[in-house]
Amino acid sequence: MMVKWKTCRYRDAQIERVECVRETEKAVWVLEYPWTIDGGRGTKPPTERRRMKQGDGDNYHDTWEDAHAFLLARADAELANARARLAQAQGTHGNVKGLRKPAEA
C-alpha cells in the first residue's frame with residue numbers, strides 16, 4: 001500500500017495520513033468502512049472506494065510537505081480576502097459616518 005496525505009476543505013488545520021490501494025493520475029483508491037448508523041466498524045469489512053485526488057472536499061497529496069503547503073496557500077488566500085472585505089467595510093462605514101443631513105429648503 002502507498003501512503004497519501006489528505007486535507008479536507010471543512011477542517012482547516014488537519015492533515016490525515018491515508019493508505020491507498022492504488023492510484024492513477026487523477027484518482028486514488030482507499031479502503032473505507034461502509035457507513036452505519038451506530039458507527040460500528042466490525043459489522044462489515046472495508047471496501048475500496050475511488051476518490052479524486054483534487055476534489056471539492058478532500059485533496060490527496062504525495063507528501064506531508066505538499067499537503068502543508070496547500071493548506072498554507074489556502075489560508076493565505078482566505079486572509080487576503082478577509083483583509084479586502086475589511087477594507088471595503090471600513091470604506092462603507094466611513095461613507096455612512098460622513099453623511100450629513102440636507103439643509104431645509
Side-chain angles (χ1 to χ4, degrees):
M1 287 201 190
M2 61 192 76
V3 174
K4 296 290 179 186
W5 298 91
K6 176 180 158 183
T7 57
C8 181
R9 179 180 186 172
Y10 307 106
R11 290 174 282 180
D12 292 332
Q14 184 175 353
I15 300 173
E16 180 181 345
R17 183 181 189 272
V18 177
E19 291 187 1
C20 301
V21 178
R22 61 183 180 208
E23 74 173 319
T24 62
E25 184 179 329
K26 295 185 178 184
V28 293
W29 280 260
V30 296
L31 288 174
E32 291 183 358
Y33 286 92
W35 184 86
T36 60
I37 291 176
D38 62 354
R41 290 187 166 204
T43 56
K44 295 182 180 179
T47 57
E48 285 186 22
R49 300 286 181 173
R50 180 176 180 251
R51 300 288 181 230
M52 300 304 294
K53 284 185 180 180
Q54 303 298 319
D56 289 337
D58 298 334
N59 293 298
Y60 294 86
H61 308 275
D62 292 330
T63 64
W64 187 92
E65 288 78 13
D66 290 344
H68 182 259
F70 174 81
L71 288 178
L72 189 58
R74 188 172 68 191
D76 286 342
E78 288 178 9
L79 185 58
N81 288 337
R83 286 182 176 143
R85 287 192 311 270
L86 176 62
Q88 183 179 9
Q90 286 174 330
T92 302
H93 178 263
N95 290 341
V96 171
K97 193 174 181 181
L99 289 175
R100 299 289 177 243
K101 183 177 178 181
E104 294 294 326

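Basis for what follows: all heavy atoms, side chains included, without hydrogens, waters or symmetry-related copies. Counting begins at 1 with the first residue of the sequence.
- Interatomic distance, W5 CH2 to D62 CG, rounded to the nearest 0.5 Å: 12.0 Å.
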Show the numbers, then the answer: is there a side-chain contact (heavy atoms from CB on, under 4.5 Å) between E19 and L31? CA-CA 8 Å; E19 291 187 1; L31 288 174; over 6 Å; no
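- In D56, the CG atom is not crowded: 12 or fewer heavy atoms of neighbouring residues, nucleotides or ligands sit closer than 6.0 Å.
- A distance of 8.0 Å separates CZ in R74 from CZ in R9, rounded to the nearest 0.5 Å.
- Rounding to the nearest 0.5 Å gives a distance of 13.0 Å between CG of L72 and CD of E65.
- Linking Ile, Leu, Val, Met, Phe, Trp and Tyr whenever their side-chain heavy atoms come within less than 4.5 Å leaves M52 and V30 in two separate clusters.
- Taking NZ of K4 as the reference point, atom OG1 of T63 lies at 9.0 Å (rounded to 0.5 Å).
- Considering every non-hydrogen atom in both P34 and P45, the closest pair reads CD-O, 3.5 Å.
- There is a path of hydrophobic side-chain contacts, each under 4.5 Å, that joins F70 to V3.
- Distance check, rounded to the nearest 0.5 Å: SG of C8 to CD of E16 gives 8.5 Å.
- Between the side chain of K53 and the main chain of T24, a donor-acceptor pair closer than 3.5 Å is present.
- A distance of 8.5 Å separates CG in D58 from OH in Y10, rounded to the nearest 0.5 Å.
- Closest approach of Y33 and P46 over heavy atoms only: CE2-CD, 3.6 Å.
- Counting heavy-atom neighbours within 6.0 Å of R50 CZ, excluding the residue itself, gives a total of 12 or less.
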